[in-house]
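Any value given below was found using the heavy atoms of this structure, including those in side chains, with hydrogens, waters and symmetry copies removed. Naming convention: chains lettered A, B, ... in sequence-line order (proteins, then strands); numbering from 1 in each chain.
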Number of protein chains: 2
Amino acid sequence: MTQVRIHTQARRGAPPARVFRSPKHAAAKALPIDALLDPDLFKALCDPTRVKLLACLVKCARPCSVGEVGECCDVDLSVVSRHLAFLERAGILASIKKGRIVTYSVRSSDLCASLRDIADAIESCCPPGTCGSCSTSCGCLPVSDAQSTRTQGGRRVR
Amino acid sequence: MTQVRIHTQARRGAPPARVFRSPKHAAAKALPIDALLDPDLFKALCDPTRVKLLACLVKCARPCSVGEVGECCDVDLSVVSRHLAFLERAGILASIKKGRIVTYSVRSSDLCASLRDIADAIESCCPPGTCGSCSTSCGCLPVSDAQSTRTQGGRRVR
DNA sequence: TCTATACTTGCACGATGACGCAAGTACGCA
DNA sequence: TGCGTACTTGCGTCATCGTGCAAGTATAGA
């Protein structure tokens, strides 16, 4: 599993936005966004129980033991242990073992940097207001050309 | 499924960091981070194929049709269609239907704002260098107290 | 009206993951 | 050395998810 915050080359010095002829050509060209959009990082955050444990640790703002964290969730302690280990493997938590007690803490600097790196990498490809790929927020898309049959608001949107 | 960028109250005006007695007390107190850490957003990004499609759209930096996007992936077109619809429901993509052609584009402003909001919310709980919950990057944890038997680097880490 | 194109949906199947229970390991303390 | 505590691991079960195939819908053009 990939550790958070391995790739930092996408920060402010990212290459300028470039338009490819087709998605196929775009996919063939490796850019920082490819490495930054790591499914393993998001996999760690896509389970409600894991997110609950993480939020609990974030809010507590100090290293906590497995048993302590387990108190804020309604699942077996073995499940808590597994989830915390999972989050550690993903680079989101760090653990210290002191005797029998294992305390987990959030690697907040690394996690925040990773999230911001991803945002930077996306914007380096699609700068707001210039890329034509953001429809609802900056109005780049030629909405008047469309037949106003956007799926947004239609059957698909819950 | 929750849309991206619904919660914005966690930005710069976030409440100051607060230390709770225990994770259980921390969990009981609702903070912006709870709403921002939405598993549904991350679920949309945790599948390798979906991430590939998203990266493809980000790099292409323009609205692309389902067929076009499908060319950069080795899966059935029905799978591509389903994944793009999933990403739209998660608020990551927007779609416009023009005749037979459905084009998808990245809601990059919203997505980037959401990622940065999460980072801000985490840091509002755990400011770097002060919270004691980030061990490897800022050295807040009393590592000298620990018996230097961190699982990091041990059996658990691949 | 017919046909081709572009995309979506229903269905079945295999893989993955989350869970609880029980057993195991590691450590502190009497 | 024995016991209790804190946590981890093995295992079976159930639910969810990703996938491809086939059929369906919607639209453009002849």
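To the nearest angstrom, P of C:dA18 lies 18 Å from CG of A:D74. For the pair A:K98 NZ and C:dC29 P, the computed distance is 12 Å after rounding to whole Å. Rounded to an integer number of Å, the gap from NZ of B:K52 to C1' of D:dG18 is 15 Å. Atom C1' of nucleotide C:dG17 and atom CG of A:D40 are separated by 14 Å, given to the nearest angstrom. Computed from coordinates, the B:L84 CG to D:dT19 P distance equals 12 Å when rounded to whole Å. Distance CG (B:L87) to P (D:dC17): 14 Å, rounded to an integer number of Å. Rounding to whole angstrom units, CG of residue A:D76 and P of D:dG12 are separated by 18 Å.
In this structure, B:H83 does not reach the D:dC17 phosphate: none of its side-chain N or O atoms is under 4.0 Å from OP1 or OP2. Side-chain N/O atoms of B:R82 include none lying less than 4.0 angstrom from OP1 or OP2 on D:dC17.
Distance from the side chain of A:R50 is smallest to C:dA18 among C:dG20, C:dA18, D:dG18. Listed nucleotides: C:dG20, D:dT19, C:dA26. Nearest to the side chain of A:K97: C:dA26. Comparing C:dA26, D:dT8, C:dT8 by their nearest atom to the side chain of B:Y104 picks out C:dT8.
Hydrophobic clustering, with ILVMFWY side chains joined whenever heavy atoms are under 4.5 angstrom apart, keeps A:I101 apart from A:L87.
Side-chain atoms of A:S78 and base atoms of C:dC19 include no donor and acceptor less than 3.5 Å apart. Counting distance only, with no hydrogens placed and no angle test, the side-chain atoms of A:T49 and the base atoms of C:dC19 include no donor-acceptor pair under 3.5 Å.
For the side-chain contact (heavy atoms from CB on, under 4.5 Å) test with B:L53, the passing option among B:L93, B:V80, B:V66 is B:V80; the others fail.
When atom types are taken as modelled, the side chain of A:R107 and the backbone of A:E88 share no donor-acceptor pair closer than 3.5 angstrom. Looking at A:S81, its side chain never comes within 3.5 Å of a backbone N or O of A:L77 through a donor-acceptor pair.
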Hey, what are the protein-to-nucleotides 2-6 of chain C N/O distances that come in under 3.5 Å?
from	atom 1	to	atom 2	distance (Å)
C:dT5	O4'	B:R100	NH1	3.3
C:dT5	O2	B:R100	NH1	3.2

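In summary, B:R89 and B:D40 do not engage in a salt bridge, as defined by a charged side-chain N under 4.0 Å from a carboxylate O. Between B:K29 and B:D34, none of the side-chain N atoms (NZ, or NE/NH1/NH2) sits under 4.0 Å from a carboxylate O, so this pair counts as no salt bridge.
Legend: residues meeting side chain to side chain contact (heavy atoms under 4.5 Å, CB included) with A:E71, ordered by chain and number and at least two apart, are B:K24.
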